[in-house]
**Student:** 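I'd like to ask some things about the structure below.
By convention in this document, chain letters (A, B, ...) are assigned in the order of the sequence lines, proteins followed by strands, and residues within each chain are numbered from 1. Computed from heavy atoms alone, side chains included, the values below leave out hydrogens, waters and symmetry copies.
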Amino acid sequence: MASTLRPYLTCIRNTLDAAMCLQNFPCQEVERHNKPEVELKSSPELLLNPVLICRNESEKCLIETSINSLRISLKVKQADELENILTKKFLRFLSMRAEAFQVLRRKPVQGYDISFLITNYHCEEMQKHKLIDFIVQFMEDIDKEISELKMSVNTRGRLVATEFLKQFI
Amino acid sequence: MACIERASPALNQILLKLYSAEKPVEIDHHLYEFGSAEYHILCQACEPRVAYLSISTPPLCPGNLTSNKLSSYTIEMIKRLCPGVVEIAEARREGYQLTLRLNLTKIPRGNDYVKVIKEISTVHSVILSSQLKEILWNFNSDDAIKGMHKPIKLAYNPREPFFVIRQPPRIITVFPIRFAEKSDVIISTAFFQELVDVGSSDRYAKAPPCSWSAIPPPELIGEAFEDLSTNGGFVSFDISAHHVDGKRLDKTVWNLLNFNAYVRFHVKTTKGFIQRRMRKRLENLVEVLHHTESEHDNEQITRHYGCSCTKRLSVKSSKYNILKQRWGNLGRKLKRIHFRVKIRGFGRFRQRWLRLPKFSSSRGYTKLD
């Protein structure tokens, strides 16, 4: 399992490195407006081909690029129902606080668990390679956090069960 | 948690207030509590040290028409509650199953009065426990030997009934589990799996064996559909004679009555734990991003820890160092010069003013080239 993680993350990193070449581009349709073209998708000439990187059936990453913005959507692995609800709760918690992350999208793209939207302004304020490091680190941290949460919930359940049964002895 | 504690917190508080009152107090309270228990407390000014406590509780076994009246065993157990203080009134209040006369003057002075009042407040749990004890006590009776398999539906909380099935040499208690939210169902299912796992270990061999199944157990065949439709499955405990012997009967009875409440409390606290942990993780993740932002300036910013109350941020610059060095050299030369003419106050001037001025303030700022 761990053997496929490194190549998966490396592939994402390299793709982001190539895709994160963003520049300021005012909206072609509305004067004095500047919108992330990857969200609007109104001008096909401004969009690049989306890249889908799959680790397995349940884990994948969709990278959609345009001239001034980049959208990264992640699907996190969920082995059982408990991981499913923990992932949903945690990622929804983060999405609701998207302003703290700046590059996080409030609502994930349909079919995915979480989405990032990076614009040229973010690239100007932050360093490109650090942003990519953050995204990759975020993916690792999410997996790790979900696993730890699951283990903690099971450990708590075990302790509570032990205390309940002790009363009968 | 009120539904797991034996003593009713509200009743306990009112009785304590009544006992501690310096002046005669008139009280006429109606209380409604978990498990559909209803209390009425009456204290009149003409009899300040006497209180009348009326209790009404739905029968533990709803199908039994005669169970509205309290059995002789239950009455006997209530009489054992603080015999000098509590008496069963001959005429019970209308709408209640039982009225107790509490003689507050007979409550001992000192610190023991808290314990006595707490014991009086457990009257509801005594009624329920004695009813369930009678059901389990009959485990050793002739009825059990004849092998009565029909499930008995018991309802501590009207929305959470559970079943007791007598199958010699054991009694099976089955708890249908229902939750409103799917996430609660999943957390409780994980808990039940741990419960079954721990119960099957050697260390807890003396505890009643428990099992969980998503479908109704075969013992409940024939029961009403609304009782068997659940989303959390069914938890079963096998109670043997060992678990109802002597003092263990009381504990077993109380644990079974409060099993549903225990599970709900665990689910609630687990959700709180998950929320706290997510908040903490959020702070860590955001910190990483802010760290990414602050490195954008591409400057070497070093921190100097000066005196304990101030920290200075100074920027390394070659021009600054050279200037400092030259000024330092000049200052040292001036200090070494032996003046033939002594000027009063010049020494202090030399010490105070022939120094390199400090450009960084004590509050700290970052100087950029």
**Student:** Which atoms of A:L86 are under 4.5 Å from chain B, going by heavy atoms: the side chain, the backbone, both sets, or neither?
**Tutor:**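 Side chain only.
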**Student:** Rounded to the nearest 0.5 Å, what separates atom CE in B:M278 from atom CG in A:L149?
**Tutor:**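 The CE atom of B:M278 sits 7.5 Å away from the CG atom of A:L149.
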**Student:** How long is the gap from CD on A:Q167 to NZ on B:K251, to the nearest 0.5 Å?
**Tutor:**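 Output value for this atom pair is 7.5 Å.
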**Student:** Looking at B:R203, I want to see if its CZ is surrounded by more than 12 non-hydrogen atoms of other residues, nucleotides or ligands under 6.0 Å.
**Tutor:**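 Open.
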**Student:** Can a cation-pi geometry be assigned to A:R156 and B:F273, taking NZ or CZ under 6.0 Å from the six-membered ring centre and within 45° of the ring axis?
**Tutor:**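 Positive - A:R156 is close enough to the ring of B:F273 and near enough to its axis.
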**Student:** Distance check, rounded to the nearest 0.5 Å: A:D141 atom CG versus B:N284 atom CG?
**Tutor:**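 Here the rounded value is 8.5 Å.
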**Student:** Is atom CD of A:E45 surrounded by more than 12 heavy atoms (other residues, nucleotides or ligands) closer than 6.0 Å?
**Tutor:**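 For A:E45, atom CD is crowded (more than 12 foreign heavy atoms under 6.0 Å).
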**Student:** What's the shortest heavy-atom distance between B:Y204 and A:L165, and which atoms?
**Tutor:**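 Looking at all heavy atoms of both residues, the closest pair is CD2-CB, 4.1 Å.
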**Student:** Out of B:R279, B:K206, B:R281, which one racks up the most heavy-atom pairs below 4.5 Å with chain A?
**Tutor:**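 When all of B:R279, B:K206, B:R281 are compared, B:R281 has the most.
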**Student:** Are more than 12 heavy atoms from other residues, nucleotides or ligands located less than 6.0 Å from atom NZ of A:K41?
**Tutor:**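 Enclosed.
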**Student:** Tell me whether A:E99 at atom CD has more than 12 heavy atoms from other residues, nucleotides or ligands lying less than 6.0 Å away.
**Tutor:**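 More than 12 within 6.0 Å, yes.
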**Student:** Nearest 0.5 Å please: distance from the CD atom of B:E194 over to the OG1 atom of A:T162.
**Tutor:**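 Interatomic distance, B:E194 CD to A:T162 OG1, rounded to 0.5 Å: 8.5 Å.
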**Student:** Atom CZ in A:R158, atom CG in B:D197: separation rounded to 0.5 Å?
**Tutor:**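 It is 4.5 Å, given to the nearest 0.5 Å.
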**Student:** Considering only heavy atoms, which portion of B:T269 lies under 4.5 Å from any heavy atom of chain A: side chain, backbone, both, or neither?
**Tutor:**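 B:T269 touches chain A through backbone and side-chain heavy atoms alike.
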**Student:** Can you tell me which portion of A:F93 sits under 4.5 Å from chain B's heavy atoms? Options are side chain, backbone, both or neither.
**Tutor:**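 Only the side chain of A:F93 comes within 4.5 Å of chain B.
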**Student:** Can you find a pair of side-chain heavy atoms, one from B:V185 and one from A:E81, that are under 4.5 Å apart?
**Tutor:**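 Result no, sub-4.5 Å side-chain heavy-atom pair not found.
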**Student:** Answer yes or no: is there a side-chain heavy-atom contact under 4.5 Å between B:Y262 and A:V160?
**Tutor:**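 Answer yes - side chains close enough.
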**Student:** What closest approach, in Å, do B:S183 and A:I85 show between heavy atoms, and which atom pair accounts for it?
**Tutor:**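 For B:S183 versus A:I85, the nearest heavy atoms are O-CD1, 3.9 Å.
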**Student:** Contact between A:F90 and B:I274 at the side-chain level, heavy atoms closer than 4.5 Å - yes or no?
**Tutor:**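 Side chain of A:F90 against side chain of B:I274, heavy atoms only: no contact under 4.5 Å found.
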**Student:** Can you list the steps and then say if B:R277 with A:E148 is a salt bridge (charged side-chain N to carboxylate O under 4.0 Å, His left out)?
**Tutor:** CA-CA 10 Å; B:R277 200 171 159 129; A:E148 283 178 4; 2.7 Å; yes
**Student:** How about B:I186 and A:N84: do any of their side-chain heavy atoms sit closer than 4.5 Å?
**Tutor:**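 B:I186 vs A:N84: side chains apart.
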**Student:** Is any side-chain heavy atom of A:V153 closer than 4.5 Å to a side-chain heavy atom of B:F191?
**Tutor:**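 Side-chain contact under 4.5 Å: no.
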**Student:** For chain A, find which of B:N255, B:L282, B:T270 contributes the most heavy-atom pairs closer than 4.5 angstrom.
**Tutor:**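 The option with the most such pairs is B:N255.
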**Student:** By a 4.5 Å heavy-atom criterion (distance strictly below it), what part of A:E83 contacts chain B: side chain, backbone, both, or neither?
**Tutor:**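 Neither part; nothing is under 4.5 Å.
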**Student:** Would you indicate whether the side-chain heavy atoms of A:N154 and B:Q193 approach each other to under 4.5 Å?
**Tutor:**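 No - every pair of side-chain heavy atoms lies 4.5 Å or more apart.
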**Student:** Could you tell me whether B:K118 atom NZ has more than 12 heavy atoms of other residues or ligands within 6.0 Å of it?
**Tutor:**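 For B:K118, atom NZ is not crowded (no more than 12 foreign heavy atoms under 6.0 Å).
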**Student:** Hey, what do you get for CZ (A:F168) to NE2 (B:H243), rounding to the nearest 0.5 Å?
**Tutor:**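 Interatomic distance, A:F168 CZ to B:H243 NE2, rounded to 0.5 Å: 7.5 Å.
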**Student:** Tell me if the CD1 atom of B:I215 is crowded by more than 12 foreign heavy atoms within 6.0 Å.
**Tutor:**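 Counting other residues, nucleotides and ligands, CD1 of B:I215 stays at 12 neighbours or fewer.
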**Student:** Please look at A:K88 and chain B and tell me whether the side chain, the backbone, both or neither of the residue comes under 4.5 angstrom of a heavy atom of that chain.
**Tutor:**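 Neither part.
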**Student:** Evaluate the criterion side-chain contact (heavy atoms from CB on, under 4.5 Å) for residue pair A:E163 and B:H266; output intermediate values, then yes/no.
**Tutor:** CA-CA 12 Å; A:E163 286 304 312; B:H266 165 67; over 6 Å; no
**Student:** Using the benzene-type ring in the case of Trp, are the ring centres of B:F259 and A:F164 under 6.0 Å apart?
**Tutor:**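 For B:F259 and A:F164, the ring centres are under 6.0 Å apart.
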